[in-house]
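Model, not experiment: these values are computed from the prediction.
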Amino acid sequence: MDNLVAAIEDINTRSATAPPPADPVRPEPLDSFALTSMGDDELEALWQARTNDPFGQELIEREWSRRDMHARTDVDSDDFPFTSYKTLVDRLHEPEELSDELLKDTWLDAHVDPQLRALVETEMDRRMLERTESPIDDPQLQARIEERIDWSYENMSPTQYRRYHATVVTDPQLRAGMPKRIPGRPTERELKQDYHEFTFERYLAIEDHTRGHMLNARGQALGVDPFTLLSGNAKRAQAYGSEEFLGFLGAHGGHMPFARFKALRLRGVDYDDSKIESFNNATHAVLV
C-alpha cells in the first residue's frame, strides 16, 4: 500500500503544470547618437548581443547605412543648395522623429537624390498607412515647390537650374503615393516568404561552394552568423565574409537585400545596390 501511495504521489508531482517561464529581461534601449562614435567591430559585437532586441539591431543597422551614405563619392554638392547632403543623411537617420512639416521640407531638399528620396518616401508611406492619409497630401506643398523653383531660377546658373527643375514633379503623389494593387501581384507577406526561401537556398549553395569557409578571421572572432550576411546591409558582408563567400556573391548576382529582390520581382528592373543602399534594406534582414 505504501508503494501504491508513493507511486500516485509521484504521478501527481510529474503531471503538475509547470510554472510559466519568467519574462525575459528587457535590455536598456540603445542611444542612436552614441552608436555614431563606435567602431565597426564594436557595432557588430553589439548587434550580436542584441538578438532579443530587434529594435536595437535596427538602430545599429541604420548606423551602418548612415556611414555607407556618408562615404559616397558620387554626390554633387550643387544638387543640394538648400540643405547639405550630409545634413540630410543625418536627419534621415531617424526619420520617424521628424515632424510632418520638416519631413516635407526634407523631401523638397532631398528629391534630387534617389537614395535620399527613397528614405523620405518610405517614412511618408509609413505615416500614410498609420493615418490613412499621406502627410504630403497638402495643398500648400505645391506652392512651396513653386517657391523653390522661383528661388533656383534667380540664384542658380542655367545648367544647375535646368537640372534642379527637371527633378521636381508637380504632383508629389506620383513619387510618394502607394502604388495601386495589380491583379496577380504578390503581397508583401508573399514577397517576404519568397525572399526567405530564396536566401536560404542561396545560403546552402554558398555553404557547399565554400565548404563551410564563409567567414573571414574577423567574422569568426566575433561569432557572426554567415546566414545574416546574405540580407540586410551589404557592409556586413564585405566586412566579415570570406574571399570565397564574396567571390560566390560576385559571380551570382551580387548582394541581394530585400529591397532589391522586391524591385526585381515587381518591376523586373535591377539597380546598383552599392549606390542605393537604404535603411529599408537594412531593416529586412532575414533571421532564423
If we only count heavy atoms from C-beta on, is the [X] to [Y] side-chain gap below 4.5 Å?
X	Y	result
Asp74	Gln115	no
Tyr240	Pro226	no
Leu249	Leu230	yes
Pro95	Arg62	yes

- Any side-chain donor-acceptor pair under 3.5 Å between Glu94 and Ser32? yes
Backbone N or O of [Y] within a donor-acceptor pair of the [X] side chain at under 3.5 Å?
X	Y	answer
Glu63	Ile60	no
His70	Arg66	no
Arg50	Gln57	no
Asp109	Phe80	no
Thr87	Thr83	no

- Task: Verify side-chain contact (heavy atoms from CB on, under 4.5 Å) between Met69 and Val75, making sure each step is shown before the conclusion.
- Result: CA-CA 10 Å; Met69 294 177 72; Val75 177; over 6 Å; no
- For the pair Val89 and Leu119, evaluate side-chain contact (heavy atoms from CB on, under 4.5 Å) and give the outcome as yes or no after the intermediate values. CA-CA 9 Å; Val89 170; Leu119 296 180; over 6 Å; no
Show the nearest heavy-atom pair for residues [X] and [Y], with the distance to one decimal.
X	Y	answer
Thr210	Phe245	CG2-N, 3.8 Å
Glu61	Trp47	OE2-NE1, 2.8 Å
Ala237	His255	CB-CD2, 4.3 Å
Leu222	Ala45	CD2-CB, 4.1 Å
Leu92	Thr106	CD2-CG2, 3.9 Å
His213	Gln220	CE1-NE2, 3.8 Å

- Message: Tell me which pairs pass salt bridge (Lys or Arg N to Asp or Glu O under 4.0 Å) where either residue lies in residues 201-218, with sequence neighbours left out.
- Response: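 Applying salt bridge (Lys or Arg N to Asp or Glu O under 4.0 Å) to every pair that reaches into residues 201-218, excluding sequence neighbours, yields Asp41-Arg218.
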- Message: With clusters defined by side-chain heavy atoms of hydrophobic residues (ILVMFWY) lying less than 4.5 Å apart, directly or transitively, does Met38 cluster with Phe55?
- Response: yes
- Item | Single-linkage hydrophobic cluster Ile206~Leu204, side-chain heavy atoms < 4.5 angstrom | yes
- Query: What orientation do Phe227 and Tyr203 show, parallel under 30°, tilted 30 to 60°, or perpendicular over 60°?
  - Reply: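 Taking Tyr203 first and then Phe227, their aromatic rings stand perpendicular (interplane angle over 60°).
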- Message: Using the rule given for side-chain contact (heavy atoms from CB on, under 4.5 Å), can you reason through Arg67 versus Asp40, listing the C-alpha separation, both sets of side-chain angles and the distance that settles it, and then say yes or no?
- Response: CA-CA 10 Å; Arg67 296 181 187 192; Asp40 288 344; 2.9 Å; yes
- Is the CD atom of Glu96 crowded by more than 12 outside heavy atoms at less than 6.0 Å?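 Atom CD in Glu96 is packed in, count exceeds 12.
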Atom pair [atom1]/[atom2] of [X] and [Y] - distance to nearest 0.5 Å:
X	Y	atom1	atom2	answer
Leu229	Thr199	CG	OG1	12.0 Å
Trp107	Leu88	CH2	CG	13.5 Å
Glu123	Asp100	CD	CG	9.0 Å
Ser84	Asp79	OG	CG	13.0 Å
Glu244	Ser242	CD	OG	4.5 Å
Glu101	Asp105	CD	CG	6.0 Å

- Does the pair Asp76 and Val112 meet the rule for a side-chain contact (heavy atoms from CB on, under 4.5 Å), with working shown? CA-CA 10 Å; Asp76 187 345; Val112 297; over 6 Å; no
